[in-house]
Amino acid sequence: MEREGFFERTYELVRQIPRGRVASYGQIAAMLGQPRKARFVGFAMHASPGQAAGVPCHRVVFKDGSLAAGYAFGGPSVQRQLLEEEGVVFLPDGRVDMSTCRWEA
DNA sequence: CTTATGACTATGA
DNA sequence: TTCATAGCCATAA
């Protein structure tokens, strides 16, 4: 099914995100060739096997650097901690510095 | 066919 | 700058 292919592609792409780098849903969706499916990218993260399986969904954030509080795997606090561990810079607002940590294909 | 929902994004107040 | 609303695409009822 194409849907699984989309999911698999999303996982693989997220898996390629280097350490200390983050990407937005729309950015990943655009890399998949469908920038309008940013929501499905997020859904793929929701259905993702988890970072332990090789899918660092915590490196996927909003276009403005915000996190999906409420649906995160353990709360945005944990996500922020993980990202900081990898070297991602956080702004005083509690958002990721996309201007610097944005992943480049 | 119309309506509702969703880890989104862009625009306007 | 922050908050609210509309638009977008795919799937389900």
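In what follows, chains carry the letters A, B, and so on, assigned in the order in which the sequence lines appear, proteins first and then strands, with residues in each chain numbered from 1.
Under the 4.5 Å side-chain criterion, counting only non-hydrogen atoms from C-beta, A:Trp103 is in contact with A:Leu13. Looking at A:Val60 and A:Val22, their side chains never come closer than 4.5 Å, going by heavy atoms from C-beta outward.
Judged by distance alone, with hydrogens and angles left aside, the side-chain atoms of A:Tyr25 form no donor-acceptor pair with the main-chain N or O of A:Lys37 at under 3.5 Å. Side chain of A:Asp64 to backbone of A:Ser66: a donor-acceptor contact under 3.5 angstrom is found. Remark: the backbone N or O of A:His58 is paired with a side-chain donor or acceptor of A:Gln79 at under 3.5 angstrom. Listed for the A:Arg19 side chain is no donor-acceptor partner under 3.5 Å among the backbone atoms of A:Gly87. Of the possible polar contacts, none joining the A:Gln34 side chain to the A:Ala30 backbone as a donor-acceptor pair under 3.5 Å is found. For A:Arg9 (side chain) and A:Gly5 (main-chain N/O), a donor-acceptor pair under 3.5 Å exists by modelled atom type.
Within a 6.0 Å sphere centred on CZ of A:Arg102, heavy atoms belonging to other residues, nucleotides or ligands number 12 at most.
Taking a pair as Watson-Crick or G-U with both hydrogen-bonding distances under 3.5 Å, the stems of three or more pairs touching DNA chain B are B:2-6 with C:9-13, B:8-13 with C:2-7.
Within residues 85-101 of chain A, no residue places a heavy atom under 4.0 Å from DNA chain B.
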Under 3.5 Å, N/O pairs linking protein and nucleotides 9-13 of chain B:
from  : atom 1 : to      : atom 2 : distance (Å)
B:dT9 : OP1    : A:Gly26 : N      : 2.9
B:dT9 : OP2    : A:Lys63 : N      : 3.2

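Between A:Glu86 and A:Arg21 there is no salt bridge, since no side-chain N of the basic residue sits under 4.0 Å from a carboxylate O of the acidic one.
Per the geometry, NZ belonging to A:Lys37 stands 11 Å off P belonging to C:dC9, to the nearest Å. To the nearest angstrom, P of C:dA10 lies 10 Å from CZ of A:Phe6. Rounded to whole angstrom, the span from the CG atom of A:Leu32 across to the P atom of C:dC8 amounts to 21 Å. We find that OH of A:Tyr71 is positioned 10 Å from C1' of B:dT5, with the value rounded to whole Å. A straight line from CD of A:Gln34 to P of C:dA10 spans 7 Å, rounded to a whole angstrom.
Comparing C:dA6 with B:dT3, their P atoms are spaced 15 Å from each other, to the whole Å. Comparing C:dA13 with B:dA7, their C1' atoms sit 24 Å apart, to the nearest whole Å.
Minimum heavy-atom separation, A:Met98 to A:Phe62: CE-O, 3.9 Å.
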